[in-house]
Amino acid sequence: MRLLITGGAGFLGSHLVERFLDRGDDVTAMDDLSTGRLSNLSPFFQNPRFVFVKHNVVDYIHVPGKLDAVLHFASPASPVDYARFPIPTLKVGALGTHKALGLAKDKKAVFMLASTSEIYGDPLVNPQPESYWGNVNPIGPRGVYDEAKRFAEAMTMAYRRAHGMPVRIARIFNTYGPRMRRDDGRAVPNFICQALRGRPLTVFGKGSQTRSLCYVSDLVDGIIRLLERGPQEPVNLGNPDEVTILELARLIRGLAGSKAPIVHKPLPTDDPKRRRPDIRLARRRLGWEPRVPLKEGLGRTIEHFRETAVPV
Ligand code: UDP
């Protein structure tokens, strides 16, 4: 296959680039490098089947030759990043999705949207099935991401209905692993960096809010199955193993061998109280479920952060 991955220099994007290159596919990665990093792609620059293009997909996308699939993964994705880039986040979700869909239509390629559990907002049902419409504050600080992704889903389904295009929508729940940015502000890199430096772990609120964390290799398996097998409607991809944030902080502290204290900071506005994917659809249609237990995935991630540590 010949693929375009927008956001290819990001955390998920770069893992997808790696997996498709390993399979023998031709991959073009596109990224404006606002939150992605070229260093995530450095192992692949020698590969003749790999091309990198620095481009913001809000502007017209030109890719020469045929394409079999367009995977639209470009967007700031952590709450700290989209608070920093509110308007670019709205633009890439709306205008960028439009451009990527237009390209896929032109090339007669399969289009995949990286959607998110954030489209469920602060959910009133737990776990969240794909049929749940969500509970989103459109004007809060998270609205820039949540509504952009909701618009992106609407646009993707409209292209499917209007043009009969093959589409995929992956609703991606919290994912972690090597190549997360240390400063992206999310719980996993924050807690790991704090533990490794012997600094206090910052738990927001009481830490009773929950998340369900999927190791990146499991997520990539799910994305590939979704791309290959459909269905054309949204599919939740995530690990249903739900933990409180306080439990997560304690677990990471223990695995990192740290004795640092846990301190509590104010809970950010609209922080979802519970989040857990209902993955029955993915199990049934894709034959997929996560395999890497939380402790093992966190262990590998801590190891990666240790190996790539910047001296402090
Ligand atoms: N969080 C925390 N301490 C941190 C960073 C995050 O307690 O240093 C909390 C955050 O408030 C949220 C959860 O951890 O309840 C997961 O946050 P993250 O930014 O990783 O992802 P989200 O699921 O909110 O997009």
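Just so you know, these numbers use all the heavy atoms, side chains as well, and skip hydrogens, waters and symmetry mates. Ligands are counted one by one from 1 in listed order, and the atoms in each one are counted from 1 as well.
Of the listed residues (Glu130, Glu118, Glu153), just one forms a side-chain hydrogen bond (donor to acceptor under 3.5 Å, both in side chains) with Arg171, and that residue is Glu153.
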Between side-chain atoms of residues 233-243 and protein atoms elsewhere (two or more places apart, or another chain), which donor-acceptor pairs fall under 3.5 Å?
{"from": "Glu233", "atom 1": "OE2", "to": "Arg160", "atom 2": "NH1", "distance (Å)": "3.1"}
{"from": "Asn236", "atom 1": "OD1", "to": "Tyr120", "atom 2": "OH", "distance (Å)": "2.8"}
{"from": "Asn236", "atom 1": "ND2", "to": "Gln128", "atom 2": "O", "distance (Å)": "2.8"}
{"from": "Asn236", "atom 1": "ND2", "to": "Asp278", "atom 2": "O", "distance (Å)": "3.1"}
{"from": "Asn239", "atom 1": "OD1", "to": "Asp241", "atom 2": "N", "distance (Å)": "3.0"}
{"from": "Glu242", "atom 1": "OE1", "to": "Asn126", "atom 2": "ND2", "distance (Å)": "3.4"}
{"from": "Glu242", "atom 1": "OE1", "to": "Arg274", "atom 2": "NH2", "distance (Å)": "3.3"}
{"from": "Glu242", "atom 1": "OE2", "to": "Asn126", "atom 2": "ND2", "distance (Å)": "3.4"}
{"from": "Glu242", "atom 1": "OE2", "to": "Thr210", "atom 2": "OG1", "distance (Å)": "2.6"}
{"from": "Glu242", "atom 1": "OE2", "to": "Arg274", "atom 2": "NE", "distance (Å)": "3.2"}
{"from": "Glu242", "atom 1": "OE2", "to": "Arg274", "atom 2": "NH2", "distance (Å)": "3.2"}

Review item, side-chain donor-acceptor pairs of residues 255-268, under 3.5 Å, at least two apart:
{"from": "Ser258", "atom 1": "OG", "to": "Ala260", "atom 2": "N", "distance (Å)": "3.0"}
{"from": "His264", "atom 1": "ND1", "to": "Gly205", "atom 2": "O", "distance (Å)": "2.7"}

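Chaining together hydrophobic side chains whose heavy atoms lie under 4.5 Å apart places Met165 alongside Leu4, Met30, Val51, Val53, Val57, Val58, Ile61, Val63, Leu67, Val70, Val92, Leu95, Leu101, Leu103, Phe111, Leu113, Phe151, Met155, Met157, Tyr159, Val167, Ile169.
Rounded to the nearest 0.5 angstrom, Arg276 CZ and Ser212 OG are separated by 6.5 Å.
For ligand 1, the protein residues within 4.0 angstrom (heavy atoms only) are Pro79, Glu118, Arg142, Asn174, Gly185, Arg186, Ala187, Asn190, Phe191, Thr202, Val203, Phe204, Gln209, Arg211, Ile245, Pro268, Asp271, Arg275.
Contact check for His72 versus Lys99: no side-chain heavy atoms found under the 4.5 Å cut-off.
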